[in-house]
2 protein chains.
Amino acid sequence: MADLARELGVSMTTISRALSDHHSIGPAMKQKVLKLAKKYNYQPNRLASALRKGKSQLLGIVVPYIEGRFFPSVVHGIETAASRAGYNVIICQSNEDVAQERRNLDILLSAQVAGILVSLSRTTHDFRHFEKVRSRGLPLVFFDRIVEGDNVNAVVLDDQEGGYVSTRHLLNQGCRRIAHLAGPQHLNIYKNRRQGYLDALREAGLPEDESLILYSDMAQDQGAEGMRQLLALPSAPDAVFAAGDYCALGALQEAHRQGLRVPEDVAIAGFSNETFTVITQPPITTIDQRCEEMGQAAVRLLLEIIEADGRPFTPRQVALRPELLVRGSSDRLPAVPAGPLRDPSAKFIGTLA
Amino acid sequence: MADLARELGVSMTTISRALSDHHSIGPAMKQKVLKLAKKYNYQPNRLASALRKGKSQLLGIVVPYIEGRFFPSVVHGIETAASRAGYNVIICQSNEDVAQERRNLDILLSAQVAGILVSLSRTTHDFRHFEKVRSRGLPLVFFDRIVEGDNVNAVVLDDQEGGYVSTRHLLNQGCRRIAHLAGPQHLNIYKNRRQGYLDALREAGLPEDESLILYSDMAQDQGAEGMRQLLALPSAPDAVFAAGDYCALGALQEAHRQGLRVPEDVAIAGFSNETFTVITQPPITTIDQRCEEMGQAAVRLLLEIIEADGRPFTPRQVALRPELLVRGSSDRLPAVPAGPLRDPSAKFIGTLA
DNA sequence: TTGTAAGCGTTATCAC
DNA sequence: GTGATAACGCTTACAA
């Protein structure tokens, strides 16, 4: 910058203003500066700028890990939304370890990020380290694995809605005995999916039948085992809603082993839209978790807080509407003319309980 | 820092030295400073430090996107290795767009990163924007999608070796007519996998039979179609080496449709270790691309260059040894006692051609 | 519209 | 072993 100033015989102030498009700068001057900057291949130093302004163009992400289908997609969404807004992203993994999570927060604080996005590690039960962030006035948004409560900013998938629409769909296909392969009920996601399932049944006037609900850890072979048990019932179900795709896959494979046709004899639906659900035969109906939208929604919320710039901001919890993907494993009706397109943008459903 | 200095009645210099563990500092003083820093919850400002030192603790990553199985795993490996070495990582996506890739490089330059890791966008055919990086003396390492040549630092998977070990394995299983579902030969990865396949055949004294090599874009249905064609041959193959897992899956499904047993009637092997290969029945033998090791190897190389600190560094190309994962789709022999464990560390095989 | 000068938080240099 | 001071590159009152 000093070079440019010297060469043009103006002050660095003018250079700075021209480069950052300040209002009180002559268009002529601006052009000259920009041209010379290009010629000299001038690279602004964001460190210096951030240091002076006390605000960087960096957002921090803390995730348990960058593997599998979910987190990479969310990070993808975050990076995309952030860079669109002129921010870049520092990414940290906690490896499901609170201590590491704490360290990551410290690092992000000292990197002077403008805001932080966090999905909690599985071992985080004490949330005091987030107080440090809050006390520094640093915008903070949780996603997916969140701190519960209405005094935090958070974005999650509406799992109950997911269980509900999935079960409704099976009902619409004419199924009347719908079993549920449920996950560990101490985890909110599985509890909510089950609740949505029950909601749909009740709404349809069907009885809640505990013999049709089987609990497991949702692994592939547990899905197979579940299906085996269900098919051995005096009156076997005509549909299975599994709270996870691996479990649904096991169920599908077991059904085939027993010579049943899917979806004619038994319809199957899973949850999560794992990559493999489209390559099975038939492909598996499932619920998309809108990973990317979750990332984008989290960034939107974070930017709102950043832009509030210290002014009081009422914490908000956003629940994303899950998307039902109807595929061969549950599609038993003749094709119907398509309805209006679903609005693909992330939805605010309401404040969480 | 100023506060600490005042409270202890010493200069900021002393504080700085105590905090950064400078040699000329009294252990007593050091303890006092550290204690007080803890009490006041002192957070170093890495921006200021980096500005002053002219070097940040940040590495930049540019990838086409963070989706699928490959890139997230590599990023995982990069972040893990980087944070172990005290670095953090800024991640940028090029979305397979050169222009964006160029912009990303500019951003990373202006963020004063200590080094850059790049996997090229598919639309990058002109490499001039990397000159800017080089001319600034900034350490640069390519991975997976690299600039060819021996004047760049690069880490790749040895695809030819992958094709070779895969085919060798099928030979060891007693197969003698081994077909190959090949990918587009203008892409190096597919060309190399095919070459490895041919190498193994030649080594075994088997003829190269072009009627057993089918070319496609490697999609699932193309794998099925390929298998159909192969099975219609006057003398059908007893094994298929597919250059991709989706293609292998299609082949597997088609074999089942035609009532063949896998691996008894026809053995199948894929490439990439996609997640779904373990959930099929039988699970699919494949080649692991060592994504995580690739990330780690790239960081190791980058750190070496960083530590050379401007001193001449001879560019190096590293080829990682792929790992054969033998699974049900090709395992036709009785189990053999396990040999010595394979060294799991990333391997330097040699300079690329 | 432009310039002057101070300062963001740290560290390297040089002197003591 | 410790301190004073300048400097890293940029922005922004305040003044002109």
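Keep in mind that this is a model prediction, so the values were computed, not measured. Naming: A, B, ... by sequence-line order, numbering from 1 per chain.
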Over all strands shown, is A:R46 touching base, sugar-phosphate only, or nothing at heavy-atom distances under 4.0 angstrom?
nothing
The side chain to side chain contact (heavy atoms under 4.5 Å, CB included) partner of B:S11 among B:L8, B:I15, B:T13 is B:T13
Here the distance between atom C1' of C:dT11 and atom CG of B:D21, to the nearest Å, is 15 Å
Winner on side-chain proximity to B:M1, out of C:dT11, D:dC10, D:dG3, is C:dT11
Give one of base, sugar-phosphate or nothing for A:I25, where a contact means two heavy atoms less than 4.0 Å apart. sugar-phosphate
In whole angstroms, the gap separating P of D:dT12 from CG of A:L19 amounts to 13 Å
In whole angstroms, the gap separating P of C:dT11 from CG of A:L47 amounts to 13 Å
note: B:K53, atom NZ; D:dG9, atom C1'; distance rounded to Å ~ 17 Å
Of C:dT10, D:dT11, C:dT13, the nucleotide closest to the side chain of B:T13 is C:dT13
Atom OH of A:Y42 and atom C1' of D:dC10 are separated, to the nearest Å, by 7 Å
Side-chain contact check for B:T14: nearest option of D:dG3, C:dA12, C:dT10 is D:dG3
**Message:** Can you tell me if A:K55 has over 12 outside heavy atoms packed within less than 6.0 Å of its NZ?
**Reply:** yes
The nucleotide from D:dT11, C:dT10, D:dT2 with an atom nearest the side chain of B:S24 is D:dT2
Legend entry - OP1 or OP2 of D:dC10 under 4.0 Å from side-chain N/O of A:S16: no
By nearest-nucleotide position on DNA chain C, the 5'-leaning member of B:L51 and B:H22 is B:L51
* Any chance the side chains of B:H22 and B:S20 put a donor and an acceptor closer than 3.5 Å? -> no
Paired with A:E101, the side-chain hydrogen bond (donor to acceptor under 3.5 Å, both in side chains) test is passed by just one of A:T124, A:T123, A:N95, namely A:T124
On DNA chain C, more 5' by nearest nucleotide between B:N45 and B:R17 is B:N45
- Task: Identify whether any heavy atom of B:G54 sits under 4.0 Å from a base atom; if not, whether one sits that close to sugar-phosphate; answer base, sugar-phosphate or nothing.
- Result: nothing
Any donor-acceptor pair under 3.5 Å linking the side-chain atoms of B:E148 with those of B:N188? yes
Under 4.0 Å between any heavy atoms, over every strand shown, what does A:S49 touch: base, sugar-phosphate, or nothing? Just pick one.
sugar-phosphate
B:K55 atom NZ is separated from C:dT10 atom C1', nearest whole Å, by 17 Å
#### Entry: Polar side-chain contact B:R52-C:dT10 base: donor and acceptor under 3.5 Å
no
Rounded to whole Å, NZ of A:K32 lies from P of C:dT2 at a distance of 9 Å
In whole angstroms, the gap separating C1' of C:dT10 from CG of B:D3 amounts to 15 Å
Indicate, with a heavy-atom threshold strictly under 4.0 Å, whether B:Q112 touches base, sugar-phosphate, or nothing.
nothing
